[in-house]
Protein chains: 2
Amino acid sequence: MSKVNIKQLAKELNLSISTVSRALRDSYEISADTKKKVFALAKQLNYQPNPNASGLRGQKTKTIAVVIPEMVNDFFSLVIGGIEKVTQEQGYYLLFYFTHGDYELEVSFINTLANGRVDGVLLSMSRENNDNSHLLELTKNGIPLVLFDRVSDNLDSVKVTSDNYESAVTATRHLIDAGCKKIAYLQVHKNISIGKIRMNGYLDALQGSTQQHPLIVECSNENEETFETIEKMLVEERPDGIFASVEKLAVICYRVCEKINLRIPRDIKIISFSNLQTASLLNPSLTTITQPAFDMGEAAAKELLNIINKKSKSASKDKHVILKSLLMKRKSTSI
Amino acid sequence: MSKVNIKQLAKELNLSISTVSRALRDSYEISADTKKKVFALAKQLNYQPNPNASGLRGQKTKTIAVVIPEMVNDFFSLVIGGIEKVTQEQGYYLLFYFTHGDYELEVSFINTLANGRVDGVLLSMSRENNDNSHLLELTKNGIPLVLFDRVSDNLDSVKVTSDNYESAVTATRHLIDAGCKKIAYLQVHKNISIGKIRMNGYLDALQGSTQQHPLIVECSNENEETFETIEKMLVEERPDGIFASVEKLAVICYRVCEKINLRIPRDIKIISFSNLQTASLLNPSLTTITQPAFDMGEAAAKELLNIINKKSKSASKDKHVILKSLLMKRKSTSI
DNA sequence: CTGTTAGCGCGTTCAG
DNA sequence: CTGAACGCGCTAACAG
């Protein structure tokens, strides 16, 4: 344990502890000469202020918590990239927690944060439309909270999302414009709001432009089951367009098409909410509605740091930042 | 700021601070009755011990740092899953840091950790064969370190890796057994040790089994450039087998084959180091050597917690855990 | 079984 | 310009 603290610096330099402390914080009441000496020794010994001590004293830790459902997921990986870029610039540390979509875990972790472990929290909810009292409690304890992607309307924290409704409309119109006469919508998590919002975009786009009837296919989290559901639907209904609400469904759909010899995009056109990474691996590559994941991370982190630093709680309450998604066509795709 | 602390609990219950503290820690010298009362109130008020205070006092934070090159990468995502599983069970927090392969960033972050911010560090190195003095300094300060995946031989910390050499041999033999007469090896990062080790496996397997000459293709980080390099090689050399040292190269290779009408696996067979996620998206799906990423995370975290809890520094010094990779063939692949 | 006290390292008052 | 002293919240040693 050769850890260096202020005391040792003081002894070494024949100064008092408080002088050293002040010098390190570049206080105006310390002579340039003394400061120079202190800085030199601090650097030489790699002095690092004890974060527990300063956290205890000043009630700030330069740490923010990031609570997300999971990590093995390109979307959240990209979001984290954005968060990290912003926070790193300002010297913040990142405490991560993965809820695996488990509400109980989210609650217990958030409760754990009540007492000065972090300066703020970035959260994408594990489930929605639930009891949010743990989050209310958190903000009541003076810890700022910013929600992103999976947010809840009955919380007046700052929110950052992408334009799920508008982009679902865009995606559906894209299929219509490409000549599709019967467009199926592949749906999961029908009870989470982001799912509903996307579906509404699909429904409204259909209604607005043509006489098409909606064809909504409820899928599950079980890949095998979903495969069969989709296969059955394709055979029986013979749609010529597919709009997948999440990437995984599009991938399964590709597999089904292979099996039953439907050629993409000639026989059937597919579009999906998805990120960039995996979409271009498919053949032909998948046209997607891509959320600005990195930007979302950046935006959420910036909002949070604003609240933390400027304490402008009142100004930004109930603010909702909405980022624009992109329709992405890739080479070798012609839909 | 309505944060609850021990003092408030004590006042509310007409007990002394230390009695409450002991009750919360379930000390044997507190009556069952008192404990019950304390627990009840603590739960009611959602009392959470201030981590800065206990960290300052006891020199432990229940936090470990995870330092990795990047996040947008299935391999590290999976590793983190393993780390998280183990640490969550024991109530540890995870502080993340991404070096983006930048050695300077790694150094500055590690230095920051010298003074009681975390109880231990899990690290996958940003670069290798460099000056490791920052890591030595860290362990000298009494903070345990476990290296995984990208490790350095001139550090006597515990290391966890997968069997890169053996699995490269296996992969090469697999192509040979499948009848390949001319196998090319796609290489990047020739100067990092993990790259060298894999290449040696390829070279030795070739030498051991047949009269084949090695065909090593140096690729860059530039996708466009690499695409052209591989295309040129395929046209000029006409190999019937490809061993890609990283997944991205295999993907590019697929694209090149499409362009110049080489059918996989009939004309050319491809195998690659890769994880599971993206490999099955390709068509035909890619046969891979898959590192046990999740297991690696688990193993590394377990080793670290062992050191932290048992303080068995001496016993585990210079230990090297090597996990076995898996050769994975997937449906619709016939090589 | 319970209360009193001291100190972890730092930053900020209050004195010079 | 510098030093002494206090307290952030918690735990452990020392009483009783």
Side-chain angles (χ1 to χ4, degrees), chain A residues 1-39 41-42 45-63 112-119 141-142, chain B residues 1-39 41-42 45-63 112-119 141-142:
Chain A
M1 295 286 185
S2 67
K3 289 171 192 168
V4 188
N5 59 21
I6 278 195
K7 212 165 160 184
Q8 289 168 46
L9 294 184
K11 202 163 76 181
E12 193 102 5
L13 291 164
N14 279 320
L15 290 169
S16 81
I17 292 176
S18 59
T19 302
V20 176
S21 172
R22 271 181 285 229
L24 290 170
R25 316 203 74 237
D26 205 18
S27 161
Y28 67 96
E29 37 186 7
I30 300 292
S31 73
D33 198 43
T34 307
K35 277 184 195 171
K36 203 184 249 178
K37 274 189 247 170
V38 173
F39 280 130
L41 187 65
L45 300 182
N46 183 35
Y47 165 77
Q48 298 291 144
N50 184 314
N52 289 316
S54 37
L56 184 56
R57 185 89 231 300
Q59 313 292 5
K60 53 187 138 43
T61 57
K62 278 273 181 186
T63 304
T112 257
L113 258 30
N115 223 323
R117 186 179 295 278
V118 297
D119 296 345
N141 278 359
Chain B
M1 297 281 186
S2 67
K3 288 172 191 168
V4 188
N5 60 20
I6 276 196
K7 212 165 162 184
Q8 291 168 44
L9 293 184
K11 201 162 79 178
E12 193 102 6
L13 292 164
N14 280 318
L15 288 170
S16 81
I17 292 177
S18 61
T19 301
V20 175
S21 171
R22 271 180 289 226
L24 289 169
R25 315 204 78 237
D26 206 15
S27 161
Y28 67 96
E29 37 185 8
I30 300 292
S31 76
D33 199 45
T34 307
K35 278 184 193 169
K36 205 185 252 177
K37 274 188 250 171
V38 172
F39 281 130
L41 188 64
L45 300 182
N46 184 34
Y47 165 76
Q48 297 292 145
N50 184 313
N52 289 317
S54 38
L56 182 57
R57 188 83 233 300
Q59 314 290 3
K60 52 189 141 41
T61 58
K62 278 276 181 181
T63 304
T112 257
L113 259 28
N115 223 325
R117 187 179 294 277
V118 297
D119 296 345
N141 279 358

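Numbered from 1 within each chain, the chains take letters A, B, ... in sequence-line order. Please read all numbers here as calculations on a predicted model, not as lab measurements.
- When atom types are taken as modelled, the side chain of A/Ser16 and the backbone of A/Thr19 share a donor-acceptor pair closer than 3.5 angstrom.
- Within the 4.0 Å cut-off from OP1 or OP2 of C/dC10, at least one side-chain nitrogen or oxygen of A/Tyr47 is found.
- Nucleic acid contact for A/Ile17: none, since no nucleic acid atom lies under 4.0 Å from a heavy atom of the residue.
- If you take CG on B/Asn115 and CG on B/Asn141, they are separated by 7.5 Å, rounding to the nearest 0.5 Å.
- Side chains of A/Glu12 and A/Leu9 form no contact here, defined as non-hydrogen atoms less than 4.5 Å apart.
- A/Ser31 comes within 4.0 angstrom of sugar-phosphate atoms only, judged by non-hydrogen atoms across all strands, and of no base.
- The shortest heavy-atom contact between A/Ala10 and A/Val20 is CA-CG2, 3.7 Å.
- Here the side chains of B/Asn52 and A/Thr61 are in contact, with some heavy-atom distance below 4.5 Å.
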Review item, nucleotides 6-8 of chain C N/O atoms under 3.5 Å of protein N/O:
{"residue": "C/dG7", "atom": "N2", "partner": "B/Arg57", "partner atom": "NE", "Å": "2.7"}

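- The shortest side-chain heavy-atom distance between B/Ile6 and B/Tyr47 falls under the 4.5 Å cut-off.
- Residues B/Thr63 and B/Arg117 are not in side-chain contact: their nearest non-hydrogen atoms beyond the backbone lie 4.5 Å or more apart.
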Between A/Ser18 and A/Arg22, is a side chain to side chain donor-acceptor pair (under 3.5 Å) present by the stated rule, with each step listed? CA-CA 6 Å; A/Ser18 59; A/Arg22 271 181 285 229; 3.2 Å; yes

Protein-nucleotides 13-16 of chain D N/O pairs closer than 3.5 Å?
{"residue": "D/dA13", "atom": "N6", "partner": "B/Arg22", "partner atom": "NH1", "Å": "3.3"}

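- Here the P atom of nucleotide D/dG9 and the CG atom of A/Asn115 are 8 Å apart, to the nearest Å.
- Residue A/Ser16 places at least one side-chain N or O under 4.0 Å from the OP1 or OP2 atom of D/dG3.
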